[in-house]
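Have a look at the structure below before the remarks.
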Number of protein chains: 2
Amino acid sequence: MTDLHRQVDERLRARDQRYTESRRQIVDALAANSGPVTLPTLLASAPSLAQSSAYRNLSVLEEAGIVRRLVHGADHAFYELAEDLTGHHHHLVCERCGSVQDFTLGARVEQSLDEAIDDLVRAKGFAARHHAIDIFGLCADCS
Amino acid sequence: MTDLHRQVDERLRARDQRYTESRRQIVDALAANSGPVTLPTLLASAPSLAQSSAYRNLSVLEEAGIVRRLVHGADHAFYELAEDLTGHHHHLVCERCGSVQDFTLGARVEQSLDEAIDDLVRAKGFAARHHAIDIFGLCADCS
DNA sequence: TTGCTTGCAAATGATTTGCACTGCT
DNA sequence: AGCAGTGCAAATCATTTGCAAGCAA
């Protein structure tokens, strides 16, 4: 059992949930992909899963802080492993084909951004949990 | 006729579309609100509009670059005037009540971010059109 | 046994679309 | 007249949910 699976198992147990075979398949499929995937893509990677179970399990995994759900206006939502399992990153979103690709920013930029956000959020009385940067445009294949 | 209406009219004409009373009502409602609004909110501001017409007109306005549509996972999408009509800004998204609030970052931070993004995007062959920063958490009312 | 999980089929609900009608131009 | 815009009702489609059966503790 890999370290990833151990962490997932732990978080599910903490919420009195079992780490079933279906859930393991979902986590494997998400870990295998380089970026966020849609439900149809996910089902293609784990053909034995029922669609409704996939949705249900993704929502359990999301509540347990294992999976993050992204919505960018395309038909389907995208799913990826939570940042604390894979590392902080952001997304390039193709406005034509809807694909989503990960990227990271240098520590310097992230830090100055964090500081600016801290100030702002304090002034507004907003309790920030995380931030996301999306870059919209055309991916290499579409442009 | 205000400057805003003049600009909208111009962009619609450029696409052979008319600036009708319904569309004007939508633009007024969006301009009157401080942040992005959902369709139900919009309809409340312009009760004589049919729901389907509101959706149809918003999509026309979006294609003409007058309106921007935001999707953040809540039930409804949010709509706001395009940034080149109102100025560059970002969003605080409340994870409990789903409300969305605008904010701006200092020029220094925006600039260092722009530079980082330029480099990145060039390396990936991605044609960037715009970026968005979303901060997720709990708004002042919900926390 | 008890209760979490699953798969199937049916429901939900935001958004889109067909169609007939109204109103610019 | 000719065609864009509108409202109503019906369709679409991702996602959610009810329910009966399977399975782990």
Side-chain angles (χ1 to χ4, degrees), chain A residues 1 5 8-29 36-44 46-64 66-80 98-100, chain B residues 1 5 8-29 36-44 46-64 66-80 98-100:
Chain A
M1 180 145 137
H5 287 305
V8 171
D9 186 45
E10 209 166 275
R11 291 188 195 183
L12 284 174
R13 279 179 198 285
R15 303 183 71 99
D16 289 314
Q17 303 272 358
R18 300 171 193 162
Y19 195 20
T20 64
E21 178 54 25
S22 303
R23 290 172 186 172
R24 196 175 311 249
Q25 279 179 40
I26 290 175
V27 169
D28 278 334
V37 297
T38 62
L39 195 99
T41 305
L42 190 67
L43 288 180
S48 66
L49 267 168
Q51 188 191 49
S52 62
S53 298
Y55 275 119
R56 238 180 313 223
N57 283 326
L58 282 166
S59 121
V60 168
L61 292 167
E62 190 186 2
E63 272 163 38
I66 297 158
V67 159
R68 179 147 66 128
R69 180 184 184 188
L70 312 171
V71 188
H72 282 126
D75 283 356
H76 293 267
F78 282 76
Y79 298 91
E80 65 180 5
S99 67
V100 181
Chain B
M1 182 147 136
H5 288 304
V8 171
D9 186 44
E10 210 166 274
R11 292 189 195 183
L12 284 173
R13 280 179 197 285
R15 304 182 69 99
D16 289 313
Q17 303 272 357
R18 300 173 193 162
Y19 196 19
T20 63
E21 178 55 24
S22 304
R23 291 172 185 173
R24 197 175 310 248
Q25 279 180 39
I26 291 175
V27 169
D28 278 335
V37 298
T38 62
L39 194 100
T41 305
L42 189 68
L43 288 181
S48 67
L49 267 167
Q51 189 192 48
S52 62
S53 297
Y55 275 118
R56 241 183 307 227
N57 282 326
L58 282 166
S59 117
V60 168
L61 293 167
E62 190 186 2
E63 271 162 39
I66 298 158
V67 159
R68 179 147 66 125
R69 181 187 183 179
L70 311 172
V71 188
H72 282 126
D75 284 355
H76 293 269
F78 282 75
Y79 298 91
E80 65 180 5
S99 67
V100 181

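Letters go in sequence order (proteins before strands), and every chain restarts at 1. Only this structure's heavy atoms are used, side chains among them; waters, hydrogens and symmetry mates stay out.
Taking atom CZ on R13(B) and atom P on dA4(D), their separation rounds to 15 Å, with Å as the unit. Distance, Q51(A) CD to dT17(D) P: 14 Å, rounded to whole Å. Following rounding to the nearest Å, Y79(B) (OH) and dT15(C) (C1') show an atom-to-atom distance of 8 Å. Atom CD in E63(B) sits roughly 15 Å away from atom C1' in dA4(D) (whole-Å rounding). Separating the CG atom of L49(B) from the C1' atom of dG5(D) is a distance of 12 Å, rounded to the nearest angstrom. Atom-to-atom, CG of L58(B) to P of dT15(C) comes out at 10 Å; the value is rounded to the nearest Å. Distance, I26(A) CD1 to dT5(C) P: 12 Å, rounded to whole Å. As rounded to whole Å, 16 Å separates atom P of dG13(C) from atom CG of L39(B).
Residue R56(A) is classed as a base contact, given a heavy-atom separation below 4.0 Å to a base. Within the 4.0 angstrom heavy-atom criterion, no nucleotide atom of any strand lies near D16(A). Nucleic acid contact class of Q17(A) (heavy atoms, under 4.0 Å, all strands): sugar-phosphate only. Among the atoms of the strands shown, only primed sugar atoms or phosphate atoms (P, OP1, OP2) are found under 4.0 Å from some heavy atom of T20(A). At the heavy-atom level, S22(A) lies under 4.0 Å from the strands shown only through sugar-phosphate atoms. As judged by a 4.0 angstrom heavy-atom cut-off over every strand, S48(A) is placed among residues touching the sugar-phosphate backbone only. Among the heavy atoms of the strands, none lies under 4.0 Å from R15(B).
When each of dT17(D), dA4(D), dT5(C) is scored by its nearest atom to the side-chain atoms of R18(B), the top-ranked nucleotide is dA4(D). Side-chain proximity of D75(B) to the nucleotides dA14(C), dT17(D), dT16(C) is greatest for dA14(C). Side-chain atoms of A50(B) lie closest to dG7(D) of the nucleotides dC8(C), dT5(C), dG7(D).
Considering only heavy atoms from C-beta on, E62(A) stays 4.5 Å or farther from L58(A) through its side chain. Contact check for H5(B) versus D9(B): no side-chain heavy atoms found under the 4.5 Å cut-off. Proximity of L61(A) to Q17(A): side-chain heavy atoms (C-beta onward) are nowhere separated by under 4.5 Å. For the pair N57(B) and V67(B), the minimum side-chain heavy-atom distance is 4.5 Å or more. Counting heavy atoms from C-beta on, the side chains of Y79(A) and I26(A) never come closer than 4.5 Å.
Nearest heavy atoms, Q25(A) versus L49(A): OE1-CG, 4.0 Å.
In terms of phosphate contacts, S53(A) brings a side-chain nitrogen or oxygen within less than 4.0 Å of OP1 or OP2 of dG7(C). Remark: Y55(B) is in phosphate contact with dT15(C), judged by side-chain N or O atoms under 4.0 Å from OP1 or OP2. Here H76(A) reaches the OP1 or OP2 of dT15(D): one of its side-chain N or O atoms lies under 4.0 Å away. When the side-chain nitrogen and oxygen atoms of N57(B) are compared with OP1 and OP2 of dG5(D), none of them lie within a distance under 4.0 Å.
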